[in-house]
Amino acid sequence: MPKLNINQLKAVQTTEGPVLIIAGPGSGKTYTLVERIYYLITKKRVEAENILVATFTEKAANELMTRVSNRLHEANISFNLNEMYLGTIHSICLRILEENREYTRLKKNFMLMDQFDQQYFLYQKLNDYLQIPNVEILVGERTSRWKKAENLLKWINKVSEEMLDIEELKKSTEIQVQALGYCYDRYQQQLEEENALDFSTIQLEAYKLLKEYPQITSQLSEELHYLMIDEYQDTNTIQEEIIFLLAGEKQNICVVGDDDQGLYRFRGATIRNILEFPNKFPNEVCTQVELSTNYRSHPNIIQFYNQWMEQQNWNYKGKSFRYDKKIVPNEDNYPNSSAVLKVSGADVLDSWYEEIYQFLMSLKEKGKLTDWNQVAFLFKSVKNSKVTGLANYLEEKNIPVYSPRSNMYFDREEVRLLIGAIIFLFPQFPEVRKWNKNAHLDEWEMYDQCFLEFTNELRKPENEKLLKWARKKSKHHYSLSENTDYAFAGLFYQLLQFDLFNRYLEQGTEGVRDSRPARNLSLFSQLLTKFEYLHRVSVFTPGKVNKILRTFFNQYLRFLINGGINEYEDDSGYAPSGCISFLTIHQSKGLEFPIVIVGSLESSPRKQYSDLDEVLQEDFYRKEPFEPLSRTKYYDFWRLYYTAFSRAQNLLVLSCLESKASGQGTRNVPSKSFIESYKPLKSWREVTDIYDLELEDVKDVNIKKEYSFTSHINIFETCAIQYKFYKDLEFAPVRQGATLFGTLVHQTIEDIHKAALKGEEEKVTSENVENWFESNYKNLIRKERVYLAPQTQIAALKQVKKYVDRQNNNWSHIKDAEVDVSLVKDDYVLKGTIDLVQGEDGSVDIIDFKSEKKPDLVKEQERLYHYKRQLEVYAHLVEERTGQKVNNMHLYYTGEDNSNPYVTFNKDTKSIDKTINKFDKIVERIEEKDYWIAERPIKHCRNCDMRFYCDQKL
DNA sequence: GAGTCAAATCTTTTT
DNA sequence: GATTTGACTC
């Protein structure tokens, strides 16, 4: 890495007071951020918990964490980075909500909904909304119920993100606005009933918490000495409010961004936040730094995108809506070669595809291209047929394409066979799916096709076993006389025992693309468990099976097909080796590639707001619109393609199927927005110097992964195969009551400890314990959708009460509960939670709770030894972090009725290194995907969904 | 050259 | 539904 340039240095060293960093593309923004954090830690001696860094995506957060920890490691500084508030604004808000949950409407085990969940939630409750007067005008009169839910979701999220006043909305004379107000009220009520949160209410609840409890806010803002917000041009109203609340009086806020790369207006983001940032403070207080030296791109590329911005008209009514700046190349020598070119086809799609193929091949053959991952295609969307057509064309010619957002999930063979198989297993489906005689859904054709594809396979001799099994099952399901002990997810795992499906699991999990079929199967298991969760299905019953089938295919699966599913994305690397990336321009934000090919040149600026938007903007938004509404479509368009062009390091290519508008409805490609930039470009066929280009290698960011004792290390040691499926491939386990029991006991004991820690020992009464237990149970079953038999509940409560009895009302020795500890290693982060720390000043014991009977100390020696090692590492971390000496380490078995519930170990400091060494080895095996096991852990197999597969394969 | 109309085409982006 | 273009009018 180069040394900091003078402006970067200023950005790093100005730590006090507000700082605005306008960072152009490729100006070393992340590098500067890393150095700034490093500077705070080493020169300013700031503790990790006093720093907050908000990034735009989880991926960016991971990358930043890795780079900072590597930087510290290089300098030989040991530092607990995990205490830092680092993540997206959403994840930081979530952390604040969890830490202060008792002050919010949220209860334990609340449900987090992604966008699909939220829309499905609204769909299921749509009738409640349709009773609200005039709601049809808001959500559309003549649209499907699913579409209505979609519209409703859009408006509801807008209200949250703009923090609109509901009472004002309800008072509006506009009937739509009024309806929206009432809908929002109802939505809030339903969220509360279901103990649920969606993306935008995460922020809203955090905001409310901070507003309503100034003492929490001031405590937080006293703790957070330094705040840094990346991609500030993409923050919205509520995010800005939250950031300023957290910063408090001292206002050490450093915001970083580029108004030219604001791409998220549809989420309420406005570049006003970054442009007006200095005005929020008394005059001249805010330090402004401009990073405009570019370290990424060939000067010709920089010249090209500078010109793209300059030729646009940013003025409106005498005001300019751009912070005028020019990116300058750094002083390195660049070859004086062509760096911006066009690759174009004519007349028919295939000629364009072929031209691109030829271009790529000639680069590969004559040029310096060493790995396909040096090439990225950027489009507005990768879902349309032109783009998927190109991807298929290249794949057929043996150029692998990585395009996880291209909406191909339901076109994949493995997924279609699964759908076909499920249909085969329920022969009543063709009848059951009709809710009346003339019922018809378009998706049924796809289902029938899947069924056909499956039966074709079934006829093959190698699938004879499957055929026999499936026939028997389908006969059984057709006239179901008693409850099954499985639902869809259970059936899915049974299907995995047959070669037709498990052949997809045999392919390596190494590359993203090779593992795609396995990842797709895993995704299918997640979809099935989610369905069962949302509809409270755990088994098929004779009375309900048909209704379940209908709901599954006519609603759930159908909406998934319509909404589209993104395939697995591997965030641990940069661009997967061996394939060309197809990305949306939004996805490419913050990335760079040696060769960038920008498509979607037929696109043109489009209006993006409705009449209702205008009304809301006029009368209800907190601020006047910053940019004139009529101009935003142009600004957004120019910024989008500016971002795309500036991703290129060595070679930027504009590519399209050129066509002249001829006759009505046809259009010019490239569209008139691009003509001026596109026309002067030389075609790749006209130049020869591109083959001399020295291409950068794709940079290697090795993201540090987190491993926890209980959910990674322990599982791997018990059964590496299980680890492969549940943890690496992320198969979703069929929910089971066994874990519910433990969680319930654990959570209630946690409540007791929390009360004691607050000095409210008198609250630990039999009655309160029962109440805590009840409320934990209620929230848990709502979340897990699994119930405990009454006797099991009683047994769980008994364990908790026994623990309370044994403590005999003496809680004075409790020091801390639920302590998160972590160890940042060279290659990974080890994490764990200590249930309880107790003892006198200066020397403590640590305790881990197990909700079972005390094991046989001799027969179960192996397992106990394992726990001991884990406790030793915990002890080591407690000592390092708090300076307290750990005396003893205990396991506490709440299921032990008679004898001493403790298993106590003496701490053996000498073996810590050995233990950590052992964990290193395990992590090494995990990262190398070495899932070899000597033999099956039979005892565990009984509760493992993969057992059918293992029975066949091991 | 400006304005209007009809017909054809394509209709995201993310936490 | 928004947008583009050609055909049309004035």
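Letters A, B, ... mirror the listed sequences (proteins, then strands); counts begin at 1. What you see below is based on every heavy atom in this structure, not just the backbone, and it leaves out hydrogens, waters and symmetry mates.
- Legend: salt bridge (Lys or Arg N to Asp or Glu O under 4.0 Å) pairs involving residues 82-92 of chain A, not counting sequence neighbours, sorted by first then second residue: A:Glu83-A:Arg881.
- Taking the ring axis of A:Phe637 as reference, the NZ or CZ atom of A:Lys633 does not stay both within 45° of it and closer than 6.0 Å to the ring centre.
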Might you work through the side chain to side chain donor-acceptor pair (under 3.5 Å) test for A:Tyr305 and A:Asp260, ending with a clear yes or no? CA-CA 11 Å; A:Tyr305 60 69; A:Asp260 285 339; over 6 Å; no
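- Under the 6.0 Å distance and 45° angle rule, A:Arg519 counts as a cation-pi partner of A:Tyr568.
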Please tabulate the protein-to-nucleotide N/O contacts below 3.5 Å involving nucleotides 11-15 of chain B, giving atom names and distances.
{"unit_1": "B:dT13", "atom_1": "OP2", "unit_2": "A:Lys383", "atom_2": "NZ", "d": "3.3"}
{"unit_1": "B:dT14", "atom_1": "OP1", "unit_2": "A:Arg405", "atom_2": "NH1", "d": "2.3"}
{"unit_1": "B:dT15", "atom_1": "O3'", "unit_2": "A:Thr88", "atom_2": "OG1", "d": "3.4"}
{"unit_1": "B:dT15", "atom_1": "O2", "unit_2": "A:His90", "atom_2": "NE2", "d": "3.3"}
{"unit_1": "B:dT15", "atom_1": "O4", "unit_2": "A:Gln115", "atom_2": "OE1", "d": "2.6"}

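- For A:Ser671 and C:dT4, the shortest distance from a side-chain N or O to OP1 or OP2 is not below 4.0 Å.
- The nearest whole Å value for the distance from the CZ atom in A:Phe637 to the P atom in C:dA2 is 18 Å.
- Rounded to an integer number of Å, the gap from A:Tyr609 OH to C:dG1 P is 17 Å.
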Assess whether side chain to side chain donor-acceptor pair (under 3.5 Å) is satisfied between A:Tyr634 and A:Ser673, documenting all intermediate values. CA-CA 9 Å; A:Tyr634 298 105; A:Ser673 310; over 6 Å; no
